[in-house]
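Everything on this sheet refers to the single structure shown next.
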Amino acid sequence: MSKTNTSAAPGVPNRPTPSFGNPDLPPEGRLNTAGNPESLRSDGPRNQFIDSQFPSQLDPPATDISTQPFFWSSFNISPKRIQNGGWARELTSEDFTISEEIAGVNMHLAPGGIRELHWHQTAEWAVMTRGKCRITTIDALGRPSVDDVEEGDLWYFPAGLPHSLQGLGPTGAEFVLAFDSGKQSESNTLLLTDWLAHTPPDVLAKNFGVPQETFRNIPLNNLWIFQGTLPGSLAADQAAAGVQPHTEPVIFRLSRSKPVKENSGGRIQIADSTNFTISKTIASALVTIEPGGMRELHWHPNADEWQYYLRGQARMTVFNTGPKATTNDFRAGDVGVVRKSLGHYVENTGTDVLQFLELFRADRYEEVSLAEWFGHLPPELLMQHLNLTREDVEKLPKGRRGIVPV
Ligand code: MN
Ligand code: MN
């Protein structure tokens, strides 16, 4: 439904006519520069490597309008802290200001490499992306856990509970941590070595009922990540730690869980407090999208979405009040954030499978699907809003599909 502008002043050319796919006045986008190629000149300083990764930022669709806070970042641009035994890099709200609810850490531990015994004031959720890792923790009821995790598995440590991580053979472990606060940094955790080095020796002796000399060789500086020796069997470590089976496991095999949605376009697997009961502050979805497939238009009413892209390439447009609409491209290792209730889709723009994680600082995964809403409205109401015929409405999908079939 286009409107004709008949009110142009004499001598002033008619403004372009808004139309479907080109809705704005003043118009935005390349297609509104027809006949005036100088509008597109862009020969100032530029990084061609970055340009090539971001076609949508460089040349946004004409439906994009205005600007909104950056919702793209990437572990690929975050400095690594490397020590003997592994490395880590992070994205906190200090650098990525939109990421207020979740901070992310990407870490690698060599075989035998140890992230030292520590704890923090926020909860820690994690997904394994490569290799194998042994994790230990103890809960507030004194129940220990020792588990081995591999690609596609999650762990969750509630706020304040102490833990360790150790890479296993043959190639160690890589994983992404998510803290339930955008301010939490991997560099402001409570470290075992720091505490012991900063406790008077007579207090250590009194506390443990041993001579002060017992602790004479403790590290005076913290270890954070250090190279250790490979542990023995899982069963032996569990027995040594006194592990008993209990009702709230700290790990969840997300990639092996039954999808909640699955069709020719891909699948969605979910872990939240309904099936991963300990994970009370982080809900997550593992989304796998085939080439040509798309995560349907939707939003999340209960929390911001923090995305981590595992493989493939995607574009996403975020719709905000204003109106504002911004399209960004994402690749493996990138992180996106969509504020609570803002509309979005995620399209696989590559020739390979696209896979990413959606995380929410919430106990439950929640979503509103545009198609599901449309399918459950009185048809007349929708027809009047969008100038559709009844036949048009009848052809629309009636329910939530999660991913558009291909
Ligand atoms: Mn931790
Ligand atoms: Mn989403």
Side-chain angles (χ1 to χ4, degrees), residues 71 86 88 90 92 101-107 109 114-127 133 135-138 145 154-166 173 175-181 184-192 194 222-225 250 260-261 266 268 270 272 282-287 289 294-309 314-319 328 330 335-347 354 356-362 365-372 400-404:
F71 54 83
E90 66 183 1
T92 71
E101 297 192 344
I102 290 178
V105 175
N106 178 205
M107 187 180 289
L109 295 172
I114 296 173
R115 172 63 175 90
E116 84 158 273
L117 290 160
H118 72 282
W119 66 104
H120 26 78
Q121 293 168 311
T122 55
E124 172 176 321
W125 176 102
V127 61
C133 192
I135 63 172
T136 75
T137 186
I138 189 167
S145 296
L154 311 181
W155 70 74
Y156 182 90
F157 303 133
L161 298 185
H163 48 274
S164 68
L165 315 170
Q166 184 170 24
F175 44 87
V176 163
L177 310 177
F179 299 116
D180 63 356
S181 164
Q184 178 70 55
S185 164
E186 190 50 33
S187 296
N188 66 4
T189 62
L190 295 148
L191 300 172
L192 174 68
D194 276 343
N222 70 62
L223 299 167
W224 191 60
I225 286 174
V250 301
V260 296
K261 292 287 176 195
I268 301 176
I270 287 177
D272 65 12
I282 299 283
S284 59
L286 175 62
V287 180
I289 304 180
M294 186 176 84
R295 182 79 173 85
E296 68 174 332
L297 289 160
H298 69 282
W299 68 90
H300 307 276
N302 61 335
D304 293 355
E305 172 175 337
W306 188 94
Q307 304 170 331
Y308 175 59
Y309 286 83
R315 73 166 180 168
M316 172 170 75
T317 303
V318 174
F319 164 65
N328 269 21
F330 294 85
V335 171
V337 171
V338 184
R339 290 284 200 190
K340 180 161 68 178
S341 294
L342 300 189
H344 56 286
Y345 66 88
V346 181
E347 183 180 25
L354 166 69
F356 65 99
L357 285 149
E358 306 174 357
L359 269 62
F360 306 89
R361 190 173 69 183
Y365 176 85
E366 288 187 2
E367 163 186 344
V368 178
S369 149
L370 186 63
E372 186 167 56
R400 182 190 308 193
R401 295 160 304 163
I403 295 165
V404 178

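As the structure lists them, so they are numbered: ligands from 1, and atoms in each ligand from 1.
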Between the side chains of [X] and [Y], is a donor N or O closer than 3.5 angstrom to an acceptor N or O?
X: Trp299; Y: Glu305; value: no
X: Tyr345; Y: Glu347; value: no
X: Ser164; Y: Thr136; value: yes
X: His298; Y: Glu367; value: no

**Study point:** Tally, protein N/O/S atoms nearer to the Mn ion (ligand 1) than 2.8 Å
**Key:**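 Total protein N/O/S atoms under 2.8 Å from the Mn ion (ligand 1): 4.
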
**Study point:** Spacing of CH2 belonging to Trp125 relative to CH2 belonging to Trp155, to within rounding of 0.5 Å
**Key:**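 It comes to 10.0 Å.
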
Check your understanding: What distance do Tyr308 atom OH and Phe330 atom CZ have between them, rounded to the nearest 0.5 Å?
Key ->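 With rounding to 0.5 Å, OH (Tyr308) is 14.0 Å from CZ (Phe330).
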
Check your understanding: What is the number of protein N/O/S atoms located under 2.8 Å from the Mn ion (ligand 2)?
Key ->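 N, O or S atoms of the protein closer than 2.8 Å: 4.
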
Point to revise | Donor-acceptor pair, side chain of His120 and main chain of His118, under 3.5 angstrom | key: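 No, because the side chain of His120 does not come within donor-acceptor range (under 3.5 Å) of the backbone of His118.
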
Check your understanding: Taking Thr137 for the side chain and Pro162 for the main chain, is one N or O donor matched with an acceptor at less than 3.5 Å?
Key ->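 Flag set: sc Thr137 to bb Pro162 pair under 3.5 Å.
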
Review point. Less than 4.5 Å apart, any side-chain heavy atom of Leu342 and any of Phe71?
Key: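 The answer is no; the side chains never approach within 4.5 Å.
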
